[in-house]
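Residue numbers begin at 1 in each chain, while the letters A, B, ... track the order of the sequences.
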Protein chains: 2
Amino acid sequence: MSANDQLGIYDRLRRDLIDGHYRSGEKLAIGTLRDRYEVGLSPLREALNRLAGVGLLEQSHQRGFWVPELSRSALDDVAGLRRQLEGEALQQSIERGDDDWEVALVSALHRLNQVQAGFDTAAHEQWERRHAHFHRALVAGCGSTWRLRFLDQLYDQFDRYRRVAPAAERRRERLDDQHEKLVQYALARDAAGARALLDIHIELSWAVALKSCTY
Amino acid sequence: MSANDQLGIYDRLRRDLIDGHYRSGEKLAIGTLRDRYEVGLSPLREALNRLAGVGLLEQSHQRGFWVPELSRSALDDVAGLRRQLEGEALQQSIERGDDDWEVALVSALHRLNQVQAGFDTAAHEQWERRHAHFHRALVAGCGSTWRLRFLDQLYDQFDRYRRVAPAAERRRERLDDQHEKLVQYALARDAAGARALLDIHIELSWAVALKSCTY
DNA sequence: AATTTGTAAAAAATCGATTTTTATAGCGGG
DNA sequence: CCCGCTATAAAAATCGATTTTTTACAAATT
């Protein structure tokens, strides 16, 4: 509980849900959450409702909140839709992105690479944040608010699987390398090349995340 | 306040937001809502939070909730993304939909046509519900939970514009006719034809909804 | 005259207690 | 012995009051 106290209960819960702090399908007892996060019932319930709105929780009337089940089919669904939405968003970003977009993208990549070394828990937290931020920066220039909104939700869902999947160092290196190359394509305004690589990138990420499914 | 009392505050607010009962950009005073809907503060706030999660409201910390602004650019965004997501969903539905999907689709069309006559307020309410249900039935067989989830949100957004746009009877007839033809394509398992018509259908709907933007 | 600062009113957010609903275990009947 | 019913316990949902924050207005200073 160090820097957590600055964050609202919504952000803390969201992070813990994505990090796999709660088991797939687990029921969230509101009273228990209240004690654990040391918040009042009202802000807690409001956060749970908003999280249900963006698909990070499921809600049943008068019966409380659940963590959505992790499943192979749900992962395939998320990955497939992400590939489509992110691919087109990347293409549009490359076609329409301005100087500010380029700068933000380069910055996001640099920040991501800064933290690739030493993988203690805190550093990994930071890497996760910067990784998510990088992918958002890549597509931020697409000009479609709703596409970005949906992509945010899909990133979160995808990360739920990746976070609980076993480490895959060899593949992680290739993925990191692809981040570099994606930026090169983007700066060269090669939309087709970028999109082709992004498909590969998502497919490889999917293969890593797939290991989270015991089935 | 007839059948409204059976619905939860979330559904009542959602319907009123889509129906244009609140102005674009309007600030929602929580105390006023509490009196108008005759509900307690807690369920009201929880509903507002969930509505913010699905994009039917905007929220600013400690500053309350707003109705998202209607704008030409936002409508174009919603319509474009809807065309893409719904088109592919329709194609997959036609390729994968089973007998139950066909039955539900035919039922939804029939129910929609049953209410096309007499357009008083209550009948129009019913038509709106059945129209939304028809489009959901059309794509329900696609097999992608997340795609359907996002489409639901896009339908709601699109309807916000259509509901406040002036009536366009001539075009409405053509749109209703297209509903029939869409089902014919679907039952004939002609995915390409259905998708082409759906593009036309959405474009025509967009032209109608566009009249809601004063700009 | 414009900007800043202080104060009062209004609104949102939070809290703790109460009510309502659901789940569980024990009891009685088939 | 199993099924259904009731009583009890637990949990979620709701309420009304309180606290905190923001906003609007006015006075004072530059």
To the nearest angstrom, how far is [X] atom [atom1] from [N] atom [atom2]?
{"X": "Glu46(A)", "N": "dA13(C)", "atom1": "CD", "atom2": "C1'", "result": "7 Å"}
{"X": "Ile9(B)", "N": "dT14(D)", "atom1": "CD1", "atom2": "C1'", "result": "13 Å"}
{"X": "Tyr10(B)", "N": "dA13(D)", "atom1": "OH", "atom2": "C1'", "result": "18 Å"}
{"X": "Ile30(A)", "N": "dA12(D)", "atom1": "CD1", "atom2": "P", "result": "5 Å"}
{"X": "Tyr37(B)", "N": "dT14(D)", "atom1": "OH", "atom2": "C1'", "result": "19 Å"}
{"X": "Trp66(A)", "N": "dT22(C)", "atom1": "CH2", "atom2": "P", "result": "11 Å"}
{"X": "His61(A)", "N": "dT20(C)", "atom1": "NE2", "atom2": "P", "result": "14 Å"}
{"X": "Asp35(B)", "N": "dG16(D)", "atom1": "CG", "atom2": "C1'", "result": "13 Å"}

Legend entry - Sidechain N-carboxylate O distance under 4.0 Å for Glu58(A), Arg63(A): no

Inset, instruction - Answer yes when Glu128(B) and Arg163(B) have at least one side-chain N-carboxylate O distance shorter than 4.0 Å, and no when they do not. - result: yes

Legend entry - Backbone N/O of Arg162(A) and side chain of Asp159(A): donor-acceptor pair under 3.5 Å: no

Inset, instruction - Answer yes or no: does atom CD of Gln126(B) have more than 12 heavy-atom neighbours from other residues, nucleotides or ligands under 6.0 Å? - result: yes

Inset, instruction - Taking only the side-chain nitrogens and oxygens of Arg45(B), find out if one of them lies under 4.0 Å from OP1 or OP2 of dA13(C). - result: yes

Legend entry - Under-4.0 Å side-chain N/O to phosphate OP1/OP2 contact, Lys27(A) with dA11(D): no

Legend entry - Selected nucleotide, minimal atom distance to Ser42(B) side chain, candidates dA12(C), dA17(C), dC15(D): dC15(D)

Inset, instruction - From the options dT21(C), dA12(D), dT14(D), select the nucleotide whose nearest atom is closest to the side chain of Pro43(B). - result: dT14(D)

Inset, instruction - Scan Leu44(B) against the nucleic acid and name what it touches under 4.0 Å (heavy atoms): base, sugar-phosphate only, or nothing. - result: nothing

Inset, instruction - Using a 4.0 Å heavy-atom cut-off across all strands, classify Leu28(B) as base, sugar-phosphate, or nothing. - result: sugar-phosphate

Inset, instruction - Decide if the gap between the ring center of His201(A) and the ring center of His135(A) is smaller than 6.0 angstrom. - result: yes

Inset, instruction - Report the residue (Arg63(A) or Arg34(A)) whose heavy-atom-nearest nucleotide on DNA chain C is the more 5′ of the two. - result: Arg34(A)

